[in-house]
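Structure record follows, encoded as structure tokens.
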Number of protein chains: 2
Amino acid sequence: MNSEFIIAVHSLVLLAHKPDCMASSEEIAANVCTHPARVRKVLGFLRKSGYVATREGSGGGYRLIKDPTDMTLADIYREMASGSLTPSWCSGNPEMDCMVGSNMQDVMNAVFCGAEQKLEAYFAEITIGQMLSRIKERQHV
Amino acid sequence: MNSEFIIAVHSLVLLAHKPDCMASSEEIAANVCTHPARVRKVLGFLRKSGYVATREGSGGGYRLIKDPTDMTLADIYREMASGSLTPSWCSGNPEMDCMVGSNMQDVMNAVFCGAEQKLEAYFAEITIGQMLSRIKERQHV
DNA sequence: CCAACTGTAACTGTTAGTATTACAGTAACC
DNA sequence: GGTTACTGTAATACTAACAGTTACAGTTGG
């Protein structure tokens, strides 16, 4: 899976854990374990999608502006990593003079479209709020 | 998705289409559109798993030895590409002094284990025989 | 023996992905 | 109004994964 998806989810969970609190890219990067520039890039997408608000300048940073129980992993997947299941490599060739070789691409493609739908359906059942709850549960043990 | 998975599926469908027929790695590679050495590597795995029989030497090649309706994509996935959904990249760090950062790895891991199970369940419903049928249907149109 | 294969391992080139650097733009604070 | 602390974004460097290829030993049939 795309690392940007993971950075996005982790950042949103972190922001959900500290509501109404501005977090800088440096703070988030330290928590996620990556470079601040990557965080800025990813959260830039989430801003355009309306999940977070940003403030530039001194004392600026990122803030959650959506209900954590109203953001599913499917939303983030579609935003950040859609099609990551679909193979980059293709077998066969439609021009080929063989029933199997010439139709394999389309059939294989249909299989992976179905797989992607199943994956999204699974992700649609998991919200950022639930992710935070699971983390809290682990802490209690 | 792993290209070896695709090569494996394509090769099995091709062999299922030509029952009792020995196909050389060169023939299969031409149909799949890759190098014979890759086909030999992939079909080597499928031999060890009991899907195909191989014969070395002159006139040798590969032959299907299992019922196409008895091989699912899930079997092949487990063999060739298991864990391909699981991200190679990990956020957070268990040593961290933050509830979110220290538990994220485990929670994220659980999410992807679930996703992998959903994916396998989907693949378990598709057999090599069905793949061949889908190709035949397309041909008629 | 020769020709046609598989089985493997090693090497190469290319692409994708992560980390890093750099700098312009913006806002708060003294 | 200048300094400081940020975001936004593009460019670059480094690394790992992957597909392609070459090479050769081992095997079998004629």
Side-chain angles (χ1 to χ4, degrees), chain A residues 1-8 10-11 15 21-49 51-65 80-93 108, chain B residues 1-11 15 21-49 51-65 80-93:
Chain A
M1 174 64 55
N2 199 327
S3 68
E4 295 195 345
F5 172 79
I6 296 175
I7 294 173
H10 190 140
S11 301
L15 290 174
C21 176
M22 221 54 174
S24 71
S25 64
E26 199 163 349
E27 288 175 63
I28 298 173
N31 200 277
V32 171
C33 291
T34 186
H35 203 275
R38 293 201 74 199
V39 172
R40 292 202 288 273
K41 187 186 173 192
V42 170
L43 292 225
F45 278 109
L46 297 181
R47 170 176 54 84
K48 285 167 192 161
S49 311
Y51 299 118
V52 300
T54 67
R55 198 170 65 213
E56 298 185 10
S58 181
Y62 302 88
R63 203 183 77 245
L64 201 64
I65 57 171
M80 310 297 304
S82 193
S84 70
L85 204 59
T86 307
S88 52
W89 194 86
C90 243
S91 79
N93 180 353
M108 197 68 87
Chain B
M1 174 64 54
N2 200 326
S3 68
E4 295 194 346
F5 172 79
I6 296 175
I7 293 173
V9 171
H10 190 141
S11 301
L15 290 173
C21 176
M22 221 55 172
S24 72
S25 63
E26 199 165 348
E27 288 175 63
I28 298 173
N31 200 278
V32 172
C33 291
T34 187
H35 203 275
R38 293 201 75 199
V39 172
R40 291 203 288 272
K41 187 186 174 192
V42 170
L43 292 225
F45 278 108
L46 297 180
R47 171 176 54 83
K48 286 166 191 162
S49 310
Y51 298 118
V52 300
T54 67
R55 199 170 62 214
E56 298 185 10
S58 180
Y62 301 87
R63 203 183 76 245
L64 201 64
I65 57 170
M80 309 297 304
S82 193
S84 70
L85 204 58
T86 308
S88 52
W89 195 86
C90 242
S91 79
N93 179 353

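Throughout, a chain's letter reflects where its sequence line sits, starting with A, and its residues are numbered from 1.
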**OP:** Assign a letter to each nucleotide of nucleotides 2-16 of chain D from its 5' end: B, base within under 4.0 Å of a protein heavy atom; S, sugar-phosphate only; -, no contact.
**Re:** --BBBBBB-------
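Residues forming a side-chain hydrogen bond (donor to acceptor under 3.5 Å, both in side chains) with A/Thr34 (at least two apart in sequence, or on another chain): none. Remark: B/Ser58 engages no residue in a side-chain hydrogen bond (donor to acceptor under 3.5 Å, both in side chains) (not counting sequence neighbours).
B/Ser88 comes within 4.0 angstrom of no nucleic acid atom, judged by non-hydrogen atoms across all strands.
Protein atom CZ of B/Arg38 is 17 Å distant from nucleotide atom P of C/dT6, rounded to whole Å. Taking atom CE of residue B/Met22 and atom C1' of nucleotide D/dT28, one finds them 11 Å apart after rounding to whole Å. Rounded to a whole Å, the CD1 atom of B/Ile28 is 15 Å from the C1' atom of C/dA4. D/dA17 atom P lies 18 Å from atom CE of A/Met1, rounded to whole Å. Taking atom CD1 on A/Ile6 and atom P on C/dT18, their separation rounds to 8 Å, with Å as the unit. Rounded to a whole Å, the CE atom of B/Met80 is 14 Å from the C1' atom of D/dC18. Separating the CZ atom of B/Phe5 from the C1' atom of D/dC18 is a distance of 18 Å, rounded to the nearest angstrom. Residue B/Asn2 contributes atom CG, which lies 7 Å from atom P of D/dC18 at whole-angstrom precision.
Not one side-chain nitrogen or oxygen of A/Thr34 sits closer than 4.0 Å to the OP1 or OP2 atom of C/dT18. In this model, the phosphate group of D/dG20 is approached by a side-chain N or O of A/Trp89 to a distance below 4.0 Å at OP1 or OP2.
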**OP:** Determine, stepwise, if the pair A/Val32 / A/Ser11 fulfils side chain to side chain contact (heavy atoms under 4.5 Å, CB included).
**Re:** CA-CA 7 Å; A/Val32 171; A/Ser11 301; 4.1 Å; yes
**OP:** Apply the test side chain to side chain contact (heavy atoms under 4.5 Å, CB included) to residues A/Asn31 and A/His10: give CA-CA distance (whole Å), side-chain angles for both, the deciding distance (0.1 Å), then the verdict.
**Re:** CA-CA 9 Å; A/Asn31 200 277; A/His10 190 140; 2.8 Å; yes
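Between the side chain of B/Arg38 and the main chain of B/Val42, no donor-acceptor pair closer than 3.5 Å is present.
Considering all non-hydrogen atoms of both residues, A/Tyr62 and A/Ile28 come closest at CD1-CD1, 4.2 Å. The minimum heavy-atom distance linking B/Arg63 with B/Cys21 is given by the pair CG-O, 4.0 Å.
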